[in-house]
Asks: 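This structure is in structure tokens; I'll ask about it shortly.
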Amino acid sequence: MISKIQTAVLTAIQELYGQQVPEKMATLQKTRPEFEGNLTLVVFPFLKMSKKAPEQTAQEIGEWLKANCDTISDFNVVKGFLNLSISDTAWLDLLRQIDSDPHYGEKQAKDDSPLVMIEYSSPNTNKPLHLGHVRNNLLGWSLAQIMEANGNKVVKTNIVNDRGIHICKSMLAWLRWGNGETPETSGKKGDHLIGDYYVAFDKHYREEVKELVAQGMEEEKAKQEAPLIKEAHEMLVKWEQNDPEVRALWKKMNDWVYAGFDETYKALGVSFDKIYYESNTYLEGKEKVEEGLEKGFFYRREDGSVWADLTKEGLDEKLLIRSDGTSVYMTQDIGTAKLRFQDFPIDQMIYVVGNEQNYHFQVLSILLDKLGFKWGKDLVHFSYGMVELPNGKMKSREGTVVDADDLIAAMVADARKTSDELGKFGDMTEEERQEVARIVGMGALKYFILKVDARKNMLFNPEESIDFNGNTGPFIQYTYARIRSILRKAGEQNYSLSSYLSPLTSKEIDLIQKISEYGAAVEQAGKDYSPSGIANYCYELTKAFNQFYHDFSILNAETEEQKQVRLMIAANVAKTIKNGMALLGIEVPERM
């Protein structure tokens, strides 16, 4: 409909003023609520052509459109703004168009569509996933759905930090104090078991540092000289030298962790098309760094360490390989980039990583560009803020994190409790009640996190998230279930608009217009890399429907014609809510 009006505007300018103008000059926006009309045309760009005042120009264009475009039923002029009223026939045609497309507003990828790779999760194998990882995974998954809905091909990837000093700490602690404990003998998920030993290492390490300080050593030196940390570094060197015993222990403990991660990913509803492991990529990174050395991009210091001098780019010098030959995260990211570029013809690379790594990705972009990766210069760091708790920040090594598995279980339990108290379950079986509790609990968690602008730090409050009123997941889910109930009572979408004659109410038009804006919301969310834009759209659509439902009856409308059009509007509100929430990774229940 908008495209049709824009074409008519361009024709009007040609006929009235003898000028051909590009489509982008015919800017249409939603009319502000205090004015009459549905869409507003800004006429200021046409004043040089009309050589008339804004009001007269708008009047002339409005008269032409009303006479020549059957979509326009009326118009009014406010200064340089032409407010257009759309005919009921045009609104009903638009509603039929929306109704005929199960994924109205979303685009399908084509053979020549860009391939976007999105990296998210990036866990360490020395601890279970926590609340910060939850935000990362939910943002990454949602961003992938949004990019697909914008017609891109998408590959979802994960890079697992499965090597380094952090995993050696857990391995050493398990050797020292584990007594052969396994997930089976302990009854713990593998990632939780290994996380416990990471915390244990830190506890004993702190004690050693404290003891050395008490003996007169400076604290910074004590941190380097503590026997545990020196032994962990020795283990890392052995790992890089392929020591069979160290490698066997590393593989066994990592396998425990991966099994635990898989359970959490499944509960979160996220997955990956390809998983990379730093244990496979760090050597590739070293090769690319050596290549960069040969080409003069990098330089080697006397101690054998390799550096990149980025002072000409306004940055500093960046370490790429330590003096003992071990690699750093930057080297590993270069290696991972090399493998990914070999595996996929990437057009765009998006890294979903917290904002504490902003500088890292600024440097990585420059290095990848120097090394010849075509997408290196334009890589996107989808930088997001930290999740904070009422009592402060989380620290893994001190064991003060909010564990992802515990959080998921608590959210589902709270949803069950709240739903029971509000009498939401009706005549459902126990199995149905648990499934709805899972959907609502996870919906509450995901929506609470995704509705916040990703760039901002956020305070997570589980109690606020499970509320059947306000800007929450359960509020939107409940509205969807309510509409589905209405449709079941009406005979499951048994509507027809073939002979609709009655005029539409302003609220009906508002809802049709709001549904039609879904495509623009999806497109904007893709441009801005913004799941919160989709969350906000779903909430606004849900609010608009609930206001309509409060003011008008659907099943007991005054005429059969009104009932039919309201059923079609309700059905497409529900469809759009379901599709929009799916872009956030949120399910909607048929009954609540």
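If you read the sequence from its start, that first residue is 1, and numbering goes on from there.
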Asks: Counting distance only, does the side-chain N/O of Asn158 pair as donor-acceptor with the main-chain N or O of Ser122 below 3.5 Å?
Replies: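 It does hold such a pair.
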Asks: Just by distance, do the side chain of Ser365 and the backbone of Lys377 share a donor-acceptor pair under 3.5 Å?
Replies: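 Confirmed, Ser365 side chain pairs with Lys377 backbone.
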Asks: Taking the six-membered ring for Trp, are the ring centroids of Phe475 and Tyr447 within less than 6.0 Å of each other?
Replies: no
Asks: Heavy-atom distance under 4.5 Å between the side chains of Leu131 and Ile449, does that happen here?
Replies: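 Sidechains of Ile449 and Leu131: in contact.
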Asks: Are Asn355 and Arg455 close enough that a side-chain donor and a side-chain acceptor fall under 3.5 Å?
Replies: no
Asks: Is the shortest distance from a Lys or Arg side-chain nitrogen in Glu148 or Lys107 to a carboxylate oxygen in the other one below 4.0 Å?
Replies: no
Asks: What verdict does the side chain to side chain contact (heavy atoms under 4.5 Å, CB included) test give for Ile346 and Lys374, after you've listed the backbone C-alpha separation in whole Å, the side-chain angles of each residue and the deciding distance to 0.1 Å?
Replies: CA-CA 9 Å; Ile346 302 168; Lys374 70 174 186 178; over 6 Å; no
Asks: Do Val116 and Asp347 have side chains that get closer than 4.5 Å, going by heavy atoms?
Replies: no
Asks: Is it true that atom CD of Glu431 has more than 12 heavy atoms of other residues, nucleotides or ligands lying nearer than 6.0 Å?
Replies: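 Atom CD in Glu431 is not crowded, with 12 or fewer foreign heavy atoms closer than 6.0 Å.
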Asks: Does Tyr384 form a ring-ring contact (aromatic ring centres under 6.0 Å, His included) with Tyr529? I'd like the steps, not just the answer.
Replies: CA-CA 11 Å; Tyr384 64 90; Tyr529 309 111; over 10 Å; no
Asks: Quick one about His192 and Asp405 (side-chain donor to acceptor, distance below 3.5 Å, no hydrogens or angles considered), yes or no?
Replies: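 Note: Asp405 and His192 side chains meet the donor-acceptor criterion.
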Asks: Within the supplied structure, the quantity of interest is the number of heavy atoms (other residues, nucleotides, ligands) at a distance under 6.0 Å from Asn179 CG; does it exceed 12?
Replies: no
Asks: Just do the salt bridge (charged side-chain N to carboxylate O under 4.0 Å, His left out) check on Glu523 and Lys527 with the steps written out, would you?
Replies: CA-CA 6 Å; Glu523 184 176 349; Lys527 287 178 180 176; 3.4 Å; yes
Asks: Can a salt bridge be assigned to the pair Glu291 and Lys295 using a cut-off of 4.0 Å between side-chain N and carboxylate O?
Replies: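 Salt bridge: yes.
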Asks: Ring-plane angle category for Trp375 and Phe341, please: parallel below 30°, perpendicular beyond 60°, tilted otherwise.
Replies: tilted
Asks: With Glu231, which of Arg176, Lys169, Lys238 fulfils salt bridge (charged side-chain N to carboxylate O under 4.0 Å, His left out)?
Replies: Arg176
Asks: Can you tell me if Glu284 uses its side chain to pair, donor with acceptor, with the backbone of Thr331 under 3.5 Å?
Replies: no
Asks: Tell me whether the guanidinium CZ or amine NZ of Lys274 lies under 6.0 angstrom from the six-membered ring centre of Tyr276 and within 45° of its axis.
Replies: yes
Asks: What about the rings of Phe448 and Phe460, do their centers lie closer together than 6.0 Å?
Replies: yes
Asks: Would you say the side-chain atoms of Asp333 and His360 include a donor-acceptor pair closer than 3.5 Å?
Replies: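 Indeed, the side chains of Asp333 and His360 share at least one donor-acceptor pair under 3.5 Å.
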Asks: Got a donor-acceptor contact below 3.5 angstrom from the His103 side chain to the Ala149 backbone?
Replies: no
Asks: Tell me, do Thr157 and Met117 make a side-chain contact under 4.5 Å, heavy atoms counted?
Replies: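 Yes, side chains in contact.
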Asks: Heavy atoms, side chains only, cut-off 4.5 Å: are Thr264 and Lys189 in contact?
Replies: yes
Asks: As a quick check of understanding, evaluate salt bridge (charged side-chain N to carboxylate O under 4.0 Å, His left out) for Asp262 and Lys266, giving each step before the final call.
Replies: CA-CA 6 Å; Asp262 286 345; Lys266 184 177 179 181; over 6 Å; no
Asks: May I have the step-by-step check of side chain to side chain contact (heavy atoms under 4.5 Å, CB included) for Glu119 and Ile159, ending in yes or no?
Replies: CA-CA 7 Å; Glu119 175 196 293; Ile159 174 68; 3.3 Å; yes
Asks: So Ile165 and His233, do their side chains get closer than 4.5 Å, heavy atoms only?
Replies: yes
Asks: With salt bridge (charged side-chain N to carboxylate O under 4.0 Å, His left out) as the test, would you mind laying out the steps for Glu218 and Lys221 before giving the verdict?
Replies: CA-CA 5 Å; Glu218 290 185 4; Lys221 187 175 182 183; over 6 Å; no
Asks: Decide if atom NZ of Lys210 counts as having more than 12 heavy atoms of other residues, nucleotides or ligands within a radius under 6.0 Å.
Replies: no
Asks: Check the pair Lys451, Tyr539 against side chain to side chain contact (heavy atoms under 4.5 Å, CB included), reporting the backbone distance first and the verdict last.
Replies: CA-CA 9 Å; Lys451 74 176 181 180; Tyr539 175 58; over 6 Å; no
Asks: From Gln524 CD over to Ser530 OG, what is the distance, rounded to the nearest 0.5 angstrom?
Replies: 8.5 Å
Asks: If you measure only the distance, is there a donor-acceptor pair under 3.5 Å linking the side chains of Asp162 and Ser279?
Replies: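 Note: Asp162 and Ser279 side chains meet the donor-acceptor criterion.
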Asks: Within the 3.5 Å criterion, strictly below it, is a donor on Glu106 or Tyr518 matched to an acceptor on the partner's side chain?
Replies: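 Yes, Tyr518 and Glu106 have a side-chain donor paired with an acceptor closer than 3.5 Å.
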Asks: Check whether the side chains of Asn152 and Ser113 place a donor and an acceptor atom closer than 3.5 Å, and report yes or no.
Replies: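 No, no side-chain donor-acceptor pair sits under 3.5 Å.
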Asks: So Tyr265 and Pro123, do their side chains get closer than 4.5 Å, heavy atoms only?
Replies: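 Heavy-atom side-chain distance check passes, below 4.5 Å.
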Asks: Tell me yes or no: between the side chains of Thr281 and Thr336, is some donor less than 3.5 Å from an acceptor?
Replies: yes
Asks: Evaluate the side-chain hydrogen bond (donor to acceptor under 3.5 Å, both in side chains) criterion for residues Thr472 and Asp467: first the C-alpha distance (whole Å), next the side-chain angles of each, then the deciding distance (0.1 Å), finally the verdict.
Replies: CA-CA 6 Å; Thr472 67; Asp467 191 335; 5.5 Å; no
Asks: Checking the side chain of Asn150 only, and the main-chain atoms of Ile146 only, is there a donor and an acceptor separated by less than 3.5 Å?
Replies: yes
Asks: Are a donor atom and an acceptor atom from the side chains of Tyr299 and Glu317 found within less than 3.5 Å of each other?
Replies: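 The criterion, which ignores hydrogens and geometry beyond distance, is satisfied for Glu317 and Tyr299.
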Asks: Between Ile118 and Val155, is any pair of side-chain heavy atoms under 4.5 Å apart?
Replies: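 A side-chain contact under 4.5 Å is absent here.
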Asks: Taking the six-membered ring of Trp307 (Phe, Tyr or Trp), confirm whether the NZ or CZ of Arg301 is under 6.0 Å from its centre and within 45° of its axis.
Replies: yes
Asks: Side-chain contact, heavy-atom cut-off 4.5 Å: Lys446 with Pro531?
Replies: no
Asks: Parallel, tilted or perpendicular: which describes the rings of Tyr282 and Trp239, with under 30° parallel and over 60° perpendicular?
Replies: tilted
Asks: Using 4.0 Å as the upper bound for N to carboxylate O, is an ion pair formed by Lys251 and Asp255?
Replies: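 Yes, charged N to carboxylate O under 4.0 Å.
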Asks: Give a yes or no answer on whether the side chain of Ser186 reaches the backbone of Thr182 with a donor-acceptor pair at less than 3.5 Å.
Replies: yes
Asks: Do Glu220 and Lys223 meet the salt-bridge criterion of a basic N to acidic O distance under 4.0 Å?
Replies: yes
Asks: Between Glu208 (side chain) and Leu228 (backbone), is there a donor-acceptor pair under 3.5 Å?
Replies: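 Checking the backbone N and O of Leu228 against the side chain of Glu208, a donor-acceptor pair under 3.5 Å is found.
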Asks: Centres of the Tyr351 and Tyr120 rings: under 6.0 Å?
Replies: no
Asks: Where the side chain of Asp196 meets the backbone of Asp191, is there a donor-acceptor pair that is under 3.5 Å apart?
Replies: no
Asks: Using atom types as modelled and distance alone, determine if a side-chain donor or acceptor of His133 lies under 3.5 Å from a backbone N or O of Ser121.
Replies: no
Asks: Could you walk me through whether Asp453 and Ser532 satisfy the side-chain hydrogen bond (donor to acceptor under 3.5 Å, both in side chains) test, starting with their C-alpha distance in whole Å, then the side-chain angles of each, then the deciding distance to 0.1 Å, before giving a yes or no?
Replies: CA-CA 6 Å; Asp453 182 344; Ser532 63; 5.0 Å; no
Asks: Any salt bridge between Glu290 and Arg300, counting N to O under 4.0 Å?
Replies: yes
Asks: For the pair Ser305 (side chain) and Ile321 (backbone), establish whether a donor and an acceptor sit closer than 3.5 Å, ignoring hydrogens and angles.
Replies: no
Asks: Using the rule ring-ring contact (aromatic ring centres under 6.0 Å, His included), only one of Tyr197, Tyr198, Trp177 pairs with His204; which is it?
Replies: Trp177
Asks: Is Glu587 paired with Lys578 through a side-chain N to carboxylate O contact shorter than 4.0 Å?
Replies: no
